[in-house]
Amino acid sequence: MNDLQPLLDEIAEAVKPEFGKGKVADYIPALARVPADRFGMAVCGIDGREWRTGDALMPFSIQSISKVFTLLTALETIHPDELWQRVGREPSGTPFNSLMQLENEGGIPRNPFINAGALVVTDAIAAHSASPVPHLLNMVRRLSGNPGIVIDEEVARSEAEHGHRNAAIAHFLKAQGNLKSEVTRVLHLYFRQCAIAMSAMDLARAFLPLANEGVIPATGEQRFPPLRVKRVNSILLTCGLYDGVGNFAFRVGIPAKSGVGGGIVGVIPGKFSVCVWSPELDNLGNSHVGTAALELFTRKTGLSIF
Ligand code: GLN
């Protein structure tokens with residue numbers, strides 16, 4: 001791989017006209033306080049090289065990106081068959097916080113990356129752990145090599161105060177028998193996992209094993225089995241950006257996960273992980289500038305999974 005620094009700096013410049021076209025999430029009031037014009041990008045190669053530009057070291061709210069870490073945790077906590085009876089693996093084609101499809105389909109969420117599916121995954125972990133959030137923090141700290149990663153308590157509180165849609169989803173799941181713990185416990189855990197703050201560099205590092213058949217390149221540790229990595233990457237490709245996933249595959253062409261904090265992190269298997277952060281979202285809740293940056297990145301490098 002060439003030195004990517006000139007390309008990252010070029011992308012940071014090229015996306016500037018895109019600012020002002022999206023909107024920072026405000027349904028979680030604490031997120032609306034983040035300056036809209038932030039932009040950071042980080043790339044980690046499986047050969048150990050790293051590049052970054054802009055605000056790549058600034059922590060932001062990872063929000064739905066946490067759903068990847070909880071899925072990985074659930075898959076090493078309970079038998080996969082047990083999990084896949086409670087949540088599907090199909091793209092939803094509906095907004096991440098939709099209730100309609102969940103009711104039509106009897107309380108079995110389409111996939112683990114929409115809110116309903118993530119609540120089921122969190123519930124599955126909660127049944128086997130007295131302290132799921134410290135466990136999760138431990139995982140992301142280790143994967144990213146940053147022991148300083150913490151939860152943004154203000155964001156967690158803010159979402160708890162305004163998370164009525166998620167409460168409705170959780171209650172419906174409970175009514176359908178697809179939530180084992182108490183609704184309040186699952187919501188509490190879910191809001192806290194979403195409020196973990198990480199930088200683009202932290203996230204790119206944390207996703208690197210997904211680009212490397214489960215092996216952490218720096219240590220050689222086989223952190224996840226290759227089959228699990230293949231499967232999680234396939235769900236990222238088909239479900240990682242909700243009802244924007246087809247357009248994202250068309251424009252960017254990599255398995256990735258977005259969050260309403262403005263982060264998008266993805267992998268090109270066998271090559272690298274890449275994370276962008278820019279808080280303005282498109283109308284589906286994915287980073288507008290971040291998508292533009294990733295599109296330029298895969299076009300200019302000629303690398304995608306297709
Ligand atoms: N915490 C957010 C929510 O549940 C996460 C959504 C997202 O990032 N897409 O609404």
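Any value given below was found using the heavy atoms of this structure, including those in side chains, with hydrogens, waters and symmetry copies removed. Sequential numbering from 1 along the given sequence is applied to the chain's residues. Order of appearance sets the numbers: ligands from 1, and atoms from 1 within every ligand.
- Atoms of ligand 1 lying under 4.0 Å from at least one heavy atom of Asn166, given by number and element, are 3 (C), 4 (O), 10 (O).
- Less than 6.0 angstrom separates the ring centroid of Phe272 from the ring centroid of Phe297.
- Phe96 and Tyr242 have tilted rings, their planes meeting at an angle from 30° to 60° on a 0 to 90° scale.
- For the ring pair (Phe, Tyr, Trp, His ring centres under 6.0 Å) test, no residue two or more places apart in sequence or in another chain qualifies with Tyr190.
- Looking at Asn283 and Lys23, their side chains never bring a donor and an acceptor atom within 3.5 Å of each other.
- Classified by interplanar angle (parallel below 30°, tilted 30° to 60°, perpendicular above 60°), the ring pair Phe19/Phe39 is perpendicular.
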Inset, instruction - Start with the C-alpha gap between Thr301 and Leu4, add the side-chain angles, then the distance that decides, and say whether side chain to side chain contact (heavy atoms under 4.5 Å, CB included) holds. - result: CA-CA 9 Å; Thr301 56; Leu4 294 176; 4.2 Å; yes
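- Closest to atom 9 (N) of ligand 1 among all protein heavy atoms lies Tyr242 OH, 2.8 Å.
- Those atoms of ligand 1 that come under 4.0 Å of a heavy atom in Phe96, given as number and element, are 6 (C), 9 (N), 10 (O).
- Scanning the protein for heavy atoms near atom 7 (C) of ligand 1, the closest one is Ser64 OG, 2.6 Å.
- For ligand 1, the atoms sitting less than 4.0 Å from at least one non-hydrogen atom of Cys194 are 1 (N), numbered in the order shown with element in parentheses.
- Judged by the shortest distance from any of its heavy atoms, Phe191 lies outside the 4.0 Å radius around the atoms of ligand 1.
- Using a distance-only test at 3.5 Å, with no hydrogens or angles considered, no donor-acceptor pair links the side chain of Asn111 to the main chain of Gly88.
- When non-hydrogen atoms are compared, ligand 1 lies under 4.0 Å from neither the backbone nor the side chain of Arg165.
- Considering backbone and side-chain atoms together, Val260 places an N or O closer than 3.5 Å to an N or O of ligand 1.
- Listed by atom number, the atoms of ligand 1 under 4.0 Å from Gly259 heavy atoms are 8 (O).
- Contact analysis leaves Asn97 out of contact with ligand 1, as no non-hydrogen atom separation drops below 4.0 angstrom.
- Here the heavy atom of the protein found nearest to atom 10 (O) of ligand 1 is Tyr27 OH, 2.5 Å.
- The single protein non-hydrogen atom nearest to atom 2 (C) of ligand 1 is Gln63 OE1, 3.1 Å, given as residue, atom name and distance.
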